[in-house]
Amino acid sequence: MNAISKNQLKSWADLFVKIYTSVVLLYQTLWQIAPVQVFLCETGLDAISPMLAVLGFVFLVFDFFLERTIIQSKYCVFLVAVIVITGISSLLYIDYGWVENAKIIVFQLVQMFLLYSMYLRMDSNEIKTYLGRIFGIVSIIFMTAVIISLYQFFAQISYTVQLDGGACRQGFQDGRLFGIFANINHASLLICFMGGGAIYCLFLLHKKWLKAVMGVQAVLSMLYVVMTGTRSTLVCMISVAALCAFVGIRNLVYKNNIFKSNCKRVLCAIGVAVICAGMLLGTYLGAHKLLAKIPVWIGTADTQTNNGEPGDISEIPGRFDTHSGDISNNRFKIWADYIRCDFSNIKSALFGYSPGNYMKIIKDNFPDIYIVQYAKEKFPDAYREGNIYATHNSYLVLLTGAGVIGFVVMGAFVVLSGLRVLKCFIKRKIISKYTTLLMAILVAFLIFIVFESVIFYSYTCISVIFWLILGFMAKEMDILEANTDMAADKDKGTEN
């Protein structure tokens with residue numbers, strides 16, 4: 001009876017995690033759309049996010065005493081260590097308050113332990129089915145927003161809305177398509193994933209009408225990403241295209257035994273990867289130049305400036321905010337300031353300034369540096385609330401919030417997870433499309449967070465997807481390693 005009761009509890013727990021994760025992902029998806037975000041804030045429904053985090057935390061406590069699935073995920077010990085270090089850092093600077101740090105720790109606990117360990121509650125086929133359903137729902141939401149955003153570009157509509165972070169640009173302005181999304185950088189990466197997922201589905205689906213839908217989604221996604229002019233997403237796209245081309249050609253040459261030499265096989269795959277990356281860049285540049293002329297042709301552009309050319313549109317993929325000559329758009333200055341602050345004393349170097357209060361601490365102790373003065377001049381309201389220029393780098397957020405110790409521990413988790421994937425990749429000559437898709441998404445994330453603060457100490461659509469995909473990749477590695485071990489045992493049995 002006890003065994004049956006325990007199995008029932010486990011079944012209910014697994015169902016709860018699936019429903020909970022779906023609700024969190026749906027909410028974070030809707031939060032990316034500015035009009036929806038305004039509605040949620042005005043109606044008080046923005047409280048759903050912290051309520052979901054608290055609910056997730058309560059379940060973590062329950063699960064810890066029930067079956068401890070949350071601490072059975074791969075390399076979980078490093079995640080536990082990161083939370084402990086974060087807690088120590090928060091205590092060291094408790095004079096600046098504890099509420100923000102407590103929120104961030106709860107958010108991290110939910111993502112690192114509940115969402116990441118979800119792969120232990122499903123087999124591979126269940127995960128694929130779950131991903132397919134979630135992708136379908138999210139696609140409907142995002143493609144609706146993309147279509148509206150593209151209409152704003154063609155109609156040359158621009159305006160601003162007020163969000164918690166201040167004025168949010170909408171429509172097409174400053175040479176970029178913001179559309180109806182709350183954050184253009186986050187949106188461009190997410191829509192890029194929507195396009196990549198659609199291309200992946202083209203290889204799997206059999207119904208022609210579904211293929212047509214996925215084809216349209218891929219094209220619309222590409223158009224939106226091009227017009228956002230987001231360079232971080234462009235770097236991700238080029239890198240992912242090269243990776244997918246490399247894996248595809250590698251599969252082909254091994255499957256058909258085209259070359260006898262492994263060196264030639266690798267060089268062939270590298271060559272094709274470089275060509276595909278170049279073709280994608282050329283397509284991106286050409287599409288941007290062509291799209292920039294469409295409002296002129298249909299008569300919606302302001303043709304009273306720039307000798308008949310639309311005043312808001314850049315004929316080449318350029319951005320008005322980078323014409324100062326700083327290709328990093330001030331990121332080099334930002335990173336340099338944060339690094340100087342991080343290593344200004346032993347305590348901050350080892351444990352950081354705490355994840356929730358580092359801006360207040362830097363503002364009080366380094367009032368004359370660029371990241372503080374910029375916020376004071378450009379965003380006075382945010383400055384009065386204790387905010388300064390954001391890091392625009394998730395790795396730097398980790399270093400600033402938890403110091404070198406936290407950075408090294410989390411780095412060990414990421415490196416070990418990456419080495420595990422690389423080891424399986426080297427051992428197996430043929431990599432499935434599904435595994436390649438997961439690899440591509442994770443590579444895109446790891447590149448993107450060099451330019452944006454969206455994963456560590458964040459609770460966003462991107463961070464939720466990152467921890468889920470990381471878990472699903474761990475499941476695939478478990479399966480591949482088990483298959484490799486079985487094959488090795490068979491070979492030993494044959495030899496005996």
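Note that the structure is predicted; figures quoted are calculated from it, not measured. Nothing fancy with the numbering, it's 1 onward along the sequence.
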Do the non-hydrogen side-chain atoms of Asn393 and Phe451 ever get within less than 4.5 Å of each other? no
Any side-chain heavy-atom pair from Val80 and Cys76 closer than 4.5 angstrom? yes
Can you see whether Phe178 has Arg176 sitting over its ring - NZ or CZ less than 6.0 Å from the centre and within 45° of the normal? yes
With sequence neighbours excluded, tell me which residues meet side-chain hydrogen bond (donor to acceptor under 3.5 Å, both in side chains) with Tyr75. none
Closest non-hydrogen atom pair between Ile249 and Ala269, with its separation: CG2-CA, 3.8 Å
If the condition is ring-ring contact (aromatic ring centres under 6.0 Å, His included), which residues does Tyr20 pass it with, not counting sequence neighbours? Phe16
Report yes or no: does Ser89 contribute a side-chain atom to a donor-acceptor pair with the main-chain N or O of Ile85 at less than 3.5 Å? no
Check: Glu452/Ser232 side-chain N/O donor and acceptor closer than 3.5 Å: no
Are Phe448 and Ile455 close enough that some pair of their side-chain heavy atoms sits under 4.5 Å apart? no
Hey, does the side chain of Ser354 reach the backbone of Gly401 with a donor-acceptor pair shorter than 3.5 angstrom? no
Using only atom types and a distance under 3.5 Å, with no angle test, would you say the side chain of Gln156 pairs donor to acceptor with the backbone of Phe153? yes
Measure from the side-chain N and O atoms of Thr230 to the backbone N and O of Thr233, and report whether any donor-acceptor pair falls under 3.5 Å. no
Does any pair with a residue in residues 407-420 pass side-chain hydrogen bond (donor to acceptor under 3.5 Å, both in side chains), and if so which ones, sequence neighbours excluded? Arg420-Asp478, Arg420-Glu481
Residues Phe425 and Arg250: closest non-hydrogen pair is O-NH2, 2.9 Å
Are side-chain heavy atoms of Gln108 and Ile83 found at a separation under 4.5 Å? yes
Look at atom CZ of Phe154 and say whether more than 12 heavy atoms of other residues, nucleotides or ligands are closer to it than 6.0 Å. yes
Is there side-chain contact between Tyr116 and Ser73, with at least one heavy-atom pair below 4.5 Å? yes
Working to the nearest 0.5 angstrom, can you tell me the gap between Leu220 CG and Met194 CE? 13.0 Å
Gap separating the CE atom of Met410 from the OG1 atom of Thr86, nearest 0.5 angstrom: 7.5 Å
Of all the heavy-atom pairs spanning Gln162 and Val38, show the shortest one and how long it is. O-CG2, 4.1 Å
Ring-face cation contact, Tyr159 with Arg169, 6.0 Å cut, 45° max: no
Is there a side-chain contact between Phe142 and Gln217, using heavy atoms and a 4.5 Å cut-off? no
From CA spacing to verdict: salt bridge (Lys or Arg N to Asp or Glu O under 4.0 Å), Arg68, Asp63: CA-CA 5 Å; Arg68 300 190 177 182; Asp63 181 84; over 6 Å; no
Quick check for you: to the nearest 0.5 Å, what is the distance between Leu446 atom CG and Ile441 atom CD1? 12.0 Å
Are side-chain N/O atoms of Ser453 and Thr391 paired as donor and acceptor at under 3.5 Å? yes
Heavy-atom closest contact (Ala145 atom, Ser149 atom, distance): O-OG, 2.8 Å
Value rounded to 0.5 Å, distance of OH in Tyr224 from CG in Leu291: 13.5 Å
Holding to side-chain hydrogen bond (donor to acceptor under 3.5 Å, both in side chains), I want the full list of residues that pass it with Gln32, two or more places apart in sequence or in another chain. none
Main-chain N/O of Leu202 paired with Lys211 side-chain donor or acceptor, under 3.5 Å: yes
Please answer whether the main-chain N or O of Ile184 pairs with a side-chain N or O of Ser188 as donor and acceptor at a distance below 3.5 Å. yes
Check whether any side-chain heavy atom of Leu79 sits under 4.5 Å from a side-chain heavy atom of Trp467, and report yes or no. yes
Between Lys18 and Asp14 (salt bridge meaning N to carboxylate O under 4.0 Å), is one present in this structure? no
Which residues pass the salt bridge (Lys or Arg N to Asp or Glu O under 4.0 Å) test with Glu67, not counting sequence neighbours? Arg121
Does the pair Met214 and Leu210 meet the rule for a side chain to side chain contact (heavy atoms under 4.5 Å, CB included), with working shown? CA-CA 6 Å; Met214 290 296 101; Leu210 283 176; 5.6 Å; no
Greater than 12 external heavy atoms within 6.0 Å of Trp335's CH2: yes
Can Lys128 be said to sit on top of Tyr434's aromatic six-ring, NZ or CZ under 6.0 Å from centre and within 45° of the ring axis? yes
Dump the intermediate steps for side-chain hydrogen bond (donor to acceptor under 3.5 Å, both in side chains) on Gln111 and Ser463, then the final yes or no. CA-CA 8 Å; Gln111 293 178 101; Ser463 64; 2.6 Å; yes
Ring-ring centroid check Phe472 Tyr119, cutoff 6.0 Å: no
Would you check if the distance from the ring center of Phe413 to the ring center of Phe78 is below 6.0 Å? no
Look at the side chain of Ser49 and the backbone N and O of Asp46, then say whether any donor-acceptor pair between them is shorter than 3.5 Å. no
Is the shortest side-chain heavy-atom distance between Val110 and Phe59 below 4.5 Å? no
Spacing of Ile134 atom CD1 and Leu468 atom CG [to the nearest 0.5 Å]: 9.0 Å
Run the ring-centre check on Phe193 versus Phe135 and record whether the distance is less than 6.0 Å. no
Distance in Å, Cys461 SG paired with Leu30 CG, rounded so as to fall on 0.5 Å steps: 9.5 Å
Just by distance, do the side chain of Thr436 and the backbone of Cys244 share a donor-acceptor pair under 3.5 Å? no
Backbone of Phe181 reached by a side-chain donor or acceptor of Gln170 within 3.5 Å: yes
Return the minimal non-hydrogen interatomic distance between Ala218 and Ile199, and the atom names on each side. CB-CG1, 4.0 Å
Passes side-chain hydrogen bond (donor to acceptor under 3.5 Å, both in side chains), Tyr130 versus Ser22? Steps please. CA-CA 9 Å; Tyr130 178 80; Ser22 301; 3.0 Å; yes
For Phe57, does the CZ atom have more than 12 heavy-atom neighbours from other residues, nucleotides or ligands under 6.0 Å away? no
For the pair Lys475 (side chain) and Leu470 (backbone), establish whether a donor and an acceptor sit closer than 3.5 Å, ignoring hydrogens and angles. no
For Glu476, salt bridge (Lys or Arg N to Asp or Glu O under 4.0 Å) partners two or more places apart: none
